[in-house]
Amino acid sequence: MSPIRTTTIVGAGIAGLTAALALARRGIASHILEQAPALEEVGAGLQLSPNASRILVDLGLLDALSTRWTEPTHIGLSSGISLSPLASVPAGKAARSRWGAPYGVLHRASLQTVLLDAVRSEPLCKLTTGTRIESAADALAAAPADVLVAADGVWSRLRHAVPGALPARYSGNVAWRFLVPFAAAPPFLDSRAVTAFLGPQAHLIAYPLTEIGAFNIVAIHAQSDAPPIGWLRRGDAVTRGRMLEAFAGWHDDIRRLLPDAQDPLVWPLFGCPDGAWTDGRKTVLIGDAAHAMTPFAAQGAAMAIEDAALLAARLAAATDIPEALRRFEKTRRERVARVRSRGAFNRFAYHARGPVALARNLVLSLRRPEGLAADLDWLYSYRTPE
């Protein structure tokens, strides 16, 4: 029988809430400590690929999610210069059939609400807001437990509690998020699909958020110097000018879309280099606190959800806490490394220019949708090891 009965989780984001639910399903209680006085998810849209949605389905959340998300028919790649389609990966019913779980897109606030409602209805979960935690000692003084789970994000304060953990560093790219109401959307935005428009040193992702009646737009471009850290930054005239310059050679329809963006939010993309995730005793990092990654594979939230499921499995089966945490880290490190590699490849391919971009387009034009889907089997068919 596992010696672990209680956990303290710092951070009530996607990683922390999912971890609490996954632990509860295995009989382990959690006390979640969140510094915000109220939970308000920032950002806009979120892609839940089958490797993540499978876990949420197993937690009993499918009905709640299905009323909020959209299951796109396909994931498309198009030229940002001409708007011409380059490739397509079947999703929708094909995703459920091939990968055994849905591919959904929804507002981040919608997922936050679903997770929060489930946590509040779970007797083994307790949530305390308005509690600022600066150290492991603070966390365990506020909520003593067998294991401390740091799920406090890319700028984690608890990372320093793990010897060998490394701070986040700027990736050289910034992202802009904004919404385009369906009623005002230009015809090139496809309400059935997730579409990535590719161009030199930049790309733009668009997909529908049916529950709010708008497209989520994320425009990412290279920028050598980072804007101030934060999520709720509204770019000034200079910063917006640099965005428009990054997309200057793109199709007119996209260039017209960007200046008209209402209240766009800009944030620097940070990632965590490989470092330790556990102190070897009772503290473990998960989600962005452990391995924040840039969104080039759309797997940041998915990796946090996978972390939560595996950590619950390891702790429920544990006979020795340090060994369970080491096993968790080893297994997840291998998986995250492969996902990072895919993201690095996508970044190179999406932002290619000149002859490399021409070669990319030629190769994509020769690939059948089923072949492109097969390339993602290792990623989307993932199941949590026991």
Side-chain angles (χ1 to χ4, degrees), residues 13-14 17 38-50 52-53 56-57 61-78 80 83 85 88-96 101-118 175-197 203-220 231-235 240 243 247 250-267 295 298 300-302:
I14 292 171
L17 294 174
L39 295 183
E40 297 178 356
E41 180 59 75
V42 297
L46 182 71
Q47 299 181 56
L48 287 177
S49 50
S53 68
L56 300 177
V57 169
L61 304 179
L62 179 59
D63 288 346
L65 289 169
S66 295
T67 63
R68 293 169 168 84
W69 71 15
T70 298
E71 295 183 40
T73 60
H74 62 282
I75 304 157
L77 299 178
S78 295
L83 302 185
S88 179
V89 177
K93 292 181 180 178
R96 287 177 177 256
Y103 195 118
V105 294
L106 74 171
H107 199 284
R108 283 177 174 266
S110 297
L111 178 58
Q112 178 99 9
T113 297
V114 168
L115 292 171
L116 187 57
D117 287 348
W176 293 79
R177 286 184 187 268
F178 58 95
L179 300 172
V180 176
F182 288 160
F188 76 89
L189 295 179
D190 188 344
S191 63
R192 304 166 301 161
V194 174
T195 307
F197 297 92
H203 75 284
L204 183 145
I205 304 287
Y207 53 85
L209 300 176
T210 304
E211 74 269 43
I212 62 170
F215 283 94
N216 182 60
I217 308 294
V218 182
I220 298 176
W231 292 93
L232 295 174
R233 304 280 182 181
R234 284 173 170 77
R240 292 188 68 160
M243 174 187 68
F247 290 88
W250 285 48
H251 193 277
D252 287 349
D253 288 351
I254 293 179
R255 290 194 297 109
R256 281 192 289 267
L257 184 70
L258 297 175
D260 293 337
Q262 297 297 309
D263 297 321
L265 303 179
V266 60
W267 83 99

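One-based numbering along the sequence shown. Below, each value reflects all heavy atoms present in this structure, side chains not excepted, and no hydrogens, waters or symmetry copies.
Using a 4.5 Å heavy-atom threshold, the side chains of R177 and N216 count as touching. Annotation: side chain of V114 is not in contact with side chain of L56 (no heavy-atom distance under 4.5 Å). Side chains of W176 and L258 form no contact here, defined as non-hydrogen atoms less than 4.5 Å apart. Within the 4.5 Å cutoff, the side chain of V266 has no heavy atoms near those of the M243 side chain. The side-chain heavy atoms of P295 and V218, taken from C-beta on, include no pair separated by under 4.5 Å. Looking at heavy atoms from C-beta onward, L65 lies out of side-chain contact with S53 at the 4.5 angstrom threshold.
Counting only distance, with no hydrogens or angles, the side chain of T67 and the backbone of A64 share a donor-acceptor pair below 3.5 Å. Between the side chain of T73 and the backbone N or O of R192, at least one donor-acceptor pair lies under 3.5 Å.
In this structure, OG1 on T210 lies 9.0 Å from CZ on F215, to the nearest 0.5 angstrom. Atom CD1 of I14 and atom CG of L46 lie 5.0 Å apart (nearest 0.5 Å). With values rounded to the nearest 0.5 angstrom, D252 atom CG is found 11.0 Å from F188 atom CZ. Between the CG atom in L115 and the CG atom in L61 there is a gap of 6.0 Å [rounded to 0.5 Å]. Expressed to the nearest 0.5 Å, how far CG of L62 lies from CH2 of W69 amounts to 6.0 Å.
Nearest heavy-atom pair across L209 and H107 is CD2-N, 3.6 Å. Across G80 and I254, no two heavy atoms sit closer than the pair O-CD1, 3.9 Å. Among all heavy-atom pairs drawn from Q112 and G13, the shortest one is OE1-CA, 4.5 Å. When all heavy atoms of R96 and E71 are compared, the closest pair comes out as NH2-OE2, 2.7 Å. The two atoms that bring S191 and P208 nearest to each other are O-CG, 3.2 Å, heavy atoms only. Closest heavy-atom contact between S110 and R68: CB-CD, 3.8 Å.
Scanning for ring-ring contact (aromatic ring centres under 6.0 Å, His included) contacts around F247 gives W250, with sequence neighbours left out. With sequence neighbours left out, Y207 forms a ring-ring contact (aromatic ring centres under 6.0 Å, His included) with no residue at all. In this structure H251 satisfies the side chain to side chain contact (heavy atoms under 4.5 Å, CB included) test together with L83, D253, sequence neighbours excluded.
Under the side-chain contact (heavy atoms from CB on, under 4.5 Å) rule, P72 has a single partner from V105, D190, T195, V89, which is V105.
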